[in-house]
Amino acid sequence: MHWQRGRRYVEDGRVTTTAGVTSGTVGALRTVEELAGKDEAARIGKGLSYPGWTPDGPTAIPVHHLAVGDLPYALNAAFPWLRPAVGIGLVDGVDEIDAAAAFDGYGGVSFAARTVVLGAHAAVTTRHGLVLVTEAADGDSRGVDRFVVPGVADSAAAGEPLRAWARRNRLAVELPDGGRHAGEFGFDPVLRDLAEHGDRRTALVTAKFSEYPSSHLALTGAAWPWRSTLLAASAVVVSVGAGFVPTVTRRTVRRRRAA
């Protein structure tokens, strides 16, 4: 195995390997081109709207390195306490990329929230026939603080079972894709929502670790993940304090003996 940095995908004979997360979309489009031709790949690619992709486009991508700005990734992963719980409601026919964007954006890549996946039934069938196992939306809130339904633009499309579950648990049905612009990839509305309800830095780090272009994103929200930062600072203070306990104890014992 010979690793190549800065490439969306690498072709070696009949084997195509891709870089992380969203780079798989570009690699898959290349596979479609080989199997069904450039016109078919262009048709599918136009529907997906991956930023900057064209059938003849370059495979080069920026070579990322760890930076100070990536600290939220470590903070969110190391200090999950008090993070919000986001319920992700899936409906039959949801686009696979829209569902994946929600999984990765809210929990899998960002570590910004605990996620609970809910569906009208115990399983949901996606747009192209993938069966996803979910928790049926028929019980209590499971500690969910927010309830988002990806891939739909209006609450009616969320379906009555999910809307009824939200009403019972006094939660609003939030639709990241309700603000989705024409010609946007499925990650865009989720990243904007993540920044608005969390912080911009976490959204940008999530895009980076998903190898997704972010220069076109207009993000609003807090600049930094203060919850995990304050938890980290508290942990340092407690650790330093705990380190002084033996010294203070010994000095107290000596003073009492001397007295």
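Please read all numbers here as calculations on a predicted model, not as lab measurements.
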| said: With ring pair (Phe, Tyr, Trp, His ring centres under 6.0 Å) as the rule and sequence neighbours excluded, what pairs involving residues 143-164 come up? | reply: Phe147-Trp165

| For Val190 against Ala101, the heavy-atom pair lying closest together | CG1-O, 3.5 Å

| Would a distance-only check, ignoring hydrogens and angles, find a side-chain to backbone donor-acceptor pair under 3.5 Å from Asp70 to Ala67? | yes

| Backbone N/O of Pro72 and side chain of Asn76: donor-acceptor pair under 3.5 Å | yes

| task | Indicate the ring-plane relationship of His216 and Tyr212, choosing parallel, tilted or perpendicular according to the 30° and 60° boundaries. | result | perpendicular

| query | Thinking salt bridges, do Arg192 and Glu196 make one under a 4.0 Å N-O criterion? | reply | no

| message | Quick one: does any side-chain atom of Ser49 pair with a main-chain N or O of Phe185 as donor and acceptor, under 3.5 Å? | response | no

| Is it true that a side-chain atom of Arg227 and a backbone atom of Trp81 form a donor plus acceptor pair closer than 3.5 Å? | yes

| message | Looking at Glu96 and Arg127, is there a salt bridge between them, counting it only when a charged N and a carboxylate O are closer than 4.0 Å? | response | no

| side chain to side chain donor-acceptor pair (under 3.5 Å) between Tyr9 and Thr59, intermediate numbers included | CA-CA 7 Å; Tyr9 61 87; Thr59 64; 5.8 Å; no

| Within the distance-only criterion (no hydrogens, no angle test), does the side chain of Arg200 pair as donor or acceptor with the backbone N or O of Gly221 below 3.5 angstrom? | yes

| Between Pro150 and Leu90, is any pair of side-chain heavy atoms under 4.5 Å apart? | yes

| Do any N or O atoms from the side chain of Thr134 and from the backbone of Ala136 form a donor-acceptor pair under 3.5 angstrom? | no

| task | Please examine the side chains of Asp104 and Thr206, heavy atoms only from C-beta on, and report whether any two atoms are closer than 4.5 Å. | result | no

| remark: By salt bridge (charged side-chain N to carboxylate O under 4.0 Å, His left out), Asp199 pairs with (sequence neighbours left out) none

| message | As a quick check of understanding, evaluate side chain to side chain contact (heavy atoms under 4.5 Å, CB included) for Leu48 and Ile97, giving each step before the final call. | response | CA-CA 9 Å; Leu48 292 176; Ile97 290 179; 3.4 Å; yes

| field | Arg14/Glu34 salt bridge by N-O under 4.0 Å criterion | value | no

| Does CG belonging to Asp154 count more than 12 external heavy atoms closer than 6.0 Å? | yes

| field | side chain to side chain donor-acceptor pair (under 3.5 Å) partners for Arg180, two or more places apart | value | Asp98, Asp177

| message | Can you tell whether the side chains of Asp56 and Lys38 come within less than 4.0 Å, N to carboxylate O? | response | yes

| message | Under a plain distance cut-off of 3.5 Å, with no hydrogens placed, do Arg8 and Ser23 share a side-chain donor-acceptor pair? | response | yes

| Donor-acceptor under 3.5 Å (Arg142 side chain, Asp140 main chain) | yes

